[in-house]
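Values below: all heavy atoms of this structure, side chains included; hydrogens, waters and symmetry mates excluded.
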Amino acid sequence: MGRDPLDKQLKDSLEKGTDDAMQYKDEIWTSIKERIHSEPAPQKAESEAPFTPRESKVRRRPRRRAAGWIVGTAAAAAIVFAVSFQTVPVQAFIDQVKEWFAPEKTVEQELEGMPETSVDSLHEGADYVIYIDESRFKMVHGADVDRIELKEKPTDDRYPEVFMEISQEGIDPKAAAERIQGELQDNPKVESNLVEEPVQGWEVRAVGGTGGKEWDDPVVRYYVFDNGQGGSFVVKQQYFLEASEGFGVRFRNMMEEFHITSNTNTKVDIE
């Protein structure tokens, strides 16, 4: 995919300051987080209705996804030190970085053609950040796996469990995706594809039970992508067939607000 003129100008400008900024990595991250978290947070939106098992399709308003997280080091250096980074595209990128790390973010979605607004909260994990609608979900941090699960779980045990898990593995994304696909082969339907959205990597999806004939057939979807450190992020999403257009879409949209915050690369590559 070709780069437009603004992307190229941004890339060139950031690369000029990256090498010098790398030696200040820890100080940069501390400073940028303190600055962003000191800014006023947006006002809370009205709370959403409590969980109901049958969800309707959710669609976010179209918006351009950031092309890639560039370690943050160059961008953070631009914000903290403001060294020759005063061009319009660079300032726009700085504003985007600040948005990624805002404590709260107002998210507008469409629910059956009707607008829906939530105020999602920033959650930090090992080498990543993600925004979560805390009226619906909660984050549970584990030693090796972080888990996003329903805040209010249904009391009816007919409904399969719904959750998203985030972990890392020390192998490349292709190898991890192939291993996962092999582990899912007992399911009636299994597919694996390279994807560009909501992340650049592999998507492995399986449908259990009857393979898609019953409403409660379990669905598991993995996103496997480069963690920038020689390994992979592995995001497991589990729900059930009837919830594919509800929780399945919500989980996918949530990944659009997933950003890697650690990377050993010193070069910027914006596609």
Side-chain angles (χ1 to χ4, degrees), residues 41-42 44-61 102-112 114-126 128-168 180 183-184 187 189 197-199 203-210 212 214-224 233-259:
K44 286 279 187 180
E46 294 184 4
S47 58
E48 292 187 334
F51 164 76
T52 55
R54 291 176 178 268
E55 287 219 338
S56 300
K57 182 177 181 179
V58 175
R59 183 180 62 193
R60 295 198 176 199
R61 293 182 179 179
E104 294 179 336
K105 177 181 295 187
T106 299
V107 176
E108 295 182 349
Q109 305 182 117
E110 290 186 2
L111 181 61
E112 292 187 330
M114 299 295 293
E116 176 190 84
T117 302
S118 64
V119 178
D120 295 1
S121 300
L122 178 73
H123 285 260
E124 297 185 50
Y128 74 90
V129 294
I130 192 170
Y131 282 86
I132 298 174
D133 178 1
E134 292 185 338
S135 70
R136 293 178 178 272
F137 303 99
K138 64 180 180 179
M139 169 74 83
V140 180
H141 290 287
D144 300 311
V145 179
D146 293 336
R147 183 182 175 98
I148 299 171
E149 58 187 39
L150 293 175
K151 187 176 181 180
E152 297 182 10
K153 298 181 180 180
T155 56
D156 191 334
D157 59 9
R158 292 183 305 150
Y159 294 95
E161 196 171 13
V162 174
F163 63 86
M164 181 163 75
E165 293 181 338
I166 304 170
S167 61
Q168 296 189 61
I180 292 169
E183 293 174 353
L184 297 174
N187 290 279
K189 289 186 177 180
E197 297 288 345
V199 295
E203 178 184 26
V204 184
R205 182 176 180 272
V207 181
T210 64
E214 298 293 335
W215 69 271
D216 60 347
D217 284 342
V219 178
V220 60
R221 177 172 59 188
Y222 286 85
Y223 288 115
V224 187
F233 270 105
V234 176
V235 178
K236 177 184 179 181
Q237 301 176 350
Q238 181 171 303
Y239 44 97
F240 51 98
L241 191 63
E242 188 182 74
S244 295
E245 298 301 318
F247 289 121
V249 174
R250 288 185 183 277
F251 282 155
R252 185 188 187 284
N253 289 343
M254 200 178 294
M255 287 304 297
E256 293 185 358
E257 298 296 346
F258 182 101
H259 303 290

Determine whether L150 and F137 make a side-chain contact, defined as any pair of heavy atoms from C-beta on separated by less than 4.5 Å. yes
For A126, is there any backbone N or O sitting under 3.5 Å from a side-chain donor or acceptor partner on Q168? yes
Do R205 and K189 pass the side chain to side chain contact (heavy atoms under 4.5 Å, CB included) test, and can you show the C-alpha distance, the side-chain angles, and the key distance before you say yes or no? CA-CA 8 Å; R205 182 176 180 272; K189 289 186 177 180; over 6 Å; no
Within 6.0 angstrom of D156 CG, more than 12 heavy atoms from elsewhere: yes
Does any part of the side chain of K105, heavy atoms only, come nearer than 4.5 Å to the side chain of L122, both counted from C-beta? no
Can you confirm if the aromatic rings of F251 and Y223 lie within a centre distance of less than 6.0 Å? no
Measure from the side-chain N and O atoms of K236 to the backbone N and O of V220, and report whether any donor-acceptor pair falls under 3.5 Å. no
If we only count heavy atoms from C-beta on, is the I130 to M254 side-chain gap below 4.5 Å? yes
Shortest non-hydrogen separation from P198 to E256 and the atoms involved: CB-CG, 3.8 Å
Check: S135 main-chain N/O paired with D133 side-chain donor or acceptor under 3.5 Å: yes
Ring-plane angle category for F258 and F233, please: parallel below 30°, perpendicular beyond 60°, tilted otherwise. perpendicular
Are a donor atom and an acceptor atom from the side chains of D217 and T210 found within less than 3.5 Å of each other? yes
Show the nearest heavy-atom pair for residues V162 and Y239, with the distance to one decimal. CG2-CA, 4.1 Å
Y131 side chain vs A102 backbone, donor-acceptor pair below 3.5 Å: yes
R136 vs K151 side-chain heavy atoms within contact, under 4.5 Å: no
Looking only at non-hydrogen atoms, find the nearest pair between V145 and S167 and report the distance. CG2-CB, 4.0 Å
Charged N-O contact under 4.0 Å between E161 and R147: yes
I'd like to check F240 versus R158 (side-chain heavy atoms, cut-off strictly below 4.5 Å). Are they in contact? no
For the student: nearest non-hydrogen atoms of E124 and H141, plus distance: O-CE1, 3.2 Å
Please round to the nearest 0.5 Å and tell me the distance separating atom CD of Q237 and atom OH of Y222. 11.0 Å
Any idea which heavy atoms bring T106 and T117 closest together, and the distance? CG2-CG2, 3.5 Å
Given the rule in the side chain to side chain contact (heavy atoms under 4.5 Å, CB included) test, do M255 and V235 qualify, once you have shown the distances and angles that lead to the verdict? CA-CA 9 Å; M255 287 304 297; V235 178; 3.8 Å; yes
Assess whether side chain to side chain contact (heavy atoms under 4.5 Å, CB included) is satisfied between F247 and F163, documenting all intermediate values. CA-CA 9 Å; F247 289 121; F163 63 86; over 6 Å; no
Is there side-chain contact between H123 and E134, with at least one heavy-atom pair below 4.5 Å? yes
Between P218 and G209 the two heavy atoms that sit nearest each other are CD-N, 3.9 Å
